[in-house]
Amino acid sequence: RFIMAMYLYAVTHLNIGSITHKFLIRGHTQNEGDTAHSVIEKNIKRAKKSGPIYVPDQYVSLFRTAKKKGESFQVNELTFREFYDLKILAEEMGFNITKNINGELIKISEIKIVEFKKGEDTYRYKLGYENEWISAQIRTGRSIKKKTNKISVKQAYKSKIIISGRKKDDLLKLVKSSIVPKYYESFY
């Protein structure tokens with residue numbers, strides 16, 4: 001539901017004409033992402049043979065340098081300010097995941113393909129890759145009164161997520177006992 005609300009938001013607010021999402025079938029997929037993950041995992045395993053990884057920034061370097069041929073992977077580092085609350089977005093939109101235009105119940109877990117088009121008040125979905133498209137009203141009842149183009153995304157976090165006191169104490173003990181080198185103390 002949240003991803004679908006994000007797609008609706010994107011075709012409403014961004015220069016995107018349509019979005020079609022094909023859900024992968026577990027155990028029957030292979031894509032370029034699989035190869036990328038494998039290359040990154042091998043690079044991490046190779047790096048760990050040289051010594052431990054102490055801070056997340058070390059992973060960023062390993063991701064960027066994982067490919068030995070061609071362009072290196074592009075890594076976009078994010079802060080807490082760059083995450084949005086899709087649950088609030090879906091609630092504000094009043095997004096319909098209940099019934100299609102035929103009055104039949106929509107079973108989200110059975111959807112194989114979903115499509116959103118700019119300017120339309122319905123979205124389409126398929127329950128199988130060879131099946132016919134089924135349409136559903138994007139919003140129903142009271143939610144129709146809210147203008148989708150007036151809705152904005154909200155930040156998920158207002159500040160960094162704080163770790164528990166116990167976890168922080170444990171991490172600092174690792175630094176004090178020199179299991180984690182003092183060089184990384186400022187991070188912890």
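Not measured: the values here are computed from a predicted model.
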Participant: Would you mind checking if R64 and E77 are paired as a salt bridge, meaning a charged N to carboxylate O distance below 4.0 Å?
Facilitator: yes
Participant: Does some side-chain heavy atom of L89 sit less than 4.5 Å from a side-chain heavy atom of E92?
Facilitator: no
Participant: Please tell me if the side chains of V180 and L171 come closer than 4.5 Å, counting only heavy atoms from C-beta onward.
Facilitator: no
Participant: Other residues, nucleotides and ligands only: do more than 12 of their heavy atoms fall within 6.0 Å of NZ on K87?
Facilitator: no
Participant: Kindly compute the distance separating CD (E41) from CZ (R46), expressed to the nearest 0.5 Å.
Facilitator: 12.5 Å
Participant: Quick check: do V11 and K117 have side-chain heavy atoms less than 4.5 Å from each other?
Facilitator: no
Participant: Is it true that a side-chain atom of N100 and a backbone atom of N102 form a donor plus acceptor pair closer than 3.5 Å?
Facilitator: yes
Participant: Group every Ile, Leu, Val, Met, Phe, Trp and Tyr by side-chain heavy-atom contacts under 4.5 Å, then state whether F2 and I88 land in the same group.
Facilitator: no
Participant: Do the side chain of K173 and the main chain of S177 share a donor and acceptor less than 3.5 angstrom apart?
Facilitator: no
Participant: Would you find a donor on one side and an acceptor on the other, under 3.5 Å apart, between the side chain of K118 and the backbone of L14?
Facilitator: yes
Participant: What distance do D170 atom CG and K168 atom NZ have between them, rounded to the nearest 0.5 Å?
Facilitator: 12.5 Å
Participant: Output all residues satisfying side-chain contact (heavy atoms from CB on, under 4.5 Å) with S109, sequence neighbours left out; order by chain, then residue number.
Facilitator: none
Participant: Between Y59 and F63, how do the two ring planes meet: parallel, tilted or perpendicular, split at 30° and 60°?
Facilitator: tilted
Participant: Distance check, rounded to the nearest 0.5 Å: N131 atom CG versus K112 atom NZ?
Facilitator: 9.5 Å
Participant: Any heavy-atom pair between the side chains of I113 and Y125 that's under 4.5 Å?
Facilitator: no
Participant: For the residue pair F187 and D57, establish whether any side-chain heavy-atom pair is separated by less than 4.5 Å.
Facilitator: no
Participant: Has I162 got more than 12 heavy atoms of other residues, nucleotides or ligands less than 6.0 Å from its CD1?
Facilitator: no
Participant: Would I108 and I138 show up in the same hydrophobic cluster when neighbours are defined by side-chain heavy atoms closer than 4.5 Å?
Facilitator: yes
Participant: I would like to know whether V39 and K68 meet side chain to side chain contact (heavy atoms under 4.5 Å, CB included); could you show each step before the answer?
Facilitator: CA-CA 9 Å; V39 168; K68 302 304 175 204; over 6 Å; no
Participant: Work out which heavy atom in F116 is nearest to a heavy atom in M4; give both atom names and the distance.
Facilitator: CZ-O, 3.6 Å
Participant: Please check if V75 and I44 belong to a single hydrophobic cluster, counting links between Ile, Leu, Val, Met, Phe, Trp and Tyr side chain heavy atoms closer than 4.5 Å.
Facilitator: yes
Participant: Counting only heavy atoms not in Y183 (residues, nucleotides, ligands), do more than 12 fall under 6.0 Å from its OH?
Facilitator: no
Participant: Do the side chains of Y188 and L174 join up, straight or via other hydrophobic residues, at under 4.5 Å, putting them in one cluster?
Facilitator: yes
Participant: Report yes if some heavy atom in the side chain of K126 is under 4.5 Å from a heavy atom in the side chain of I134; otherwise report no.
Facilitator: no
Participant: Could you tell me whether a side-chain N or O of E82 sits under 3.5 Å from a main-chain N or O of T79, the two making a donor and an acceptor?
Facilitator: yes
Participant: Looking at R124, is its backbone amide N or carbonyl O close enough to the side chain of E115 to form a donor-acceptor pair, meaning the two atoms are under 3.5 Å apart?
Facilitator: no
Participant: I'd like to know if the side chain of Y123 reaches the main chain of N96, judged simply by a donor and an acceptor atom lying under 3.5 Å from each other, with no hydrogens or angles considered.
Facilitator: yes
Participant: Are there over 12 heavy-atom neighbours, none belonging to K158, within less than 6.0 Å of that residue's NZ?
Facilitator: no
Participant: Mark yes when over 12 heavy atoms from residues, nucleotides or ligands other than Y157 sit less than 6.0 Å from its OH; otherwise mark no.
Facilitator: no
Participant: Should F80 and Y84 be counted in the same cluster of Ile, Leu, Val, Met, Phe, Trp and Tyr side chains packed under 4.5 Å apart?
Facilitator: no
Participant: Flag the pair Q58 / Y184 as yes when at least one side-chain heavy-atom distance between them is below 4.5 Å, and no otherwise.
Facilitator: yes
Participant: Hey, what do you get for CD1 (I3) to NE2 (H21), rounding to the nearest 0.5 Å?
Facilitator: 7.0 Å
Participant: So which heavy atom on K154 is nearest to which on S152, and how close?
Facilitator: NZ-O, 3.4 Å
Participant: Find the distance between CD (E185) and OH (Y54) and round it off to the nearest 0.5 Å.
Facilitator: 14.0 Å
Participant: Please round to the nearest 0.5 Å and tell me the distance separating atom CG of L127 and atom CH2 of W133.
Facilitator: 11.0 Å
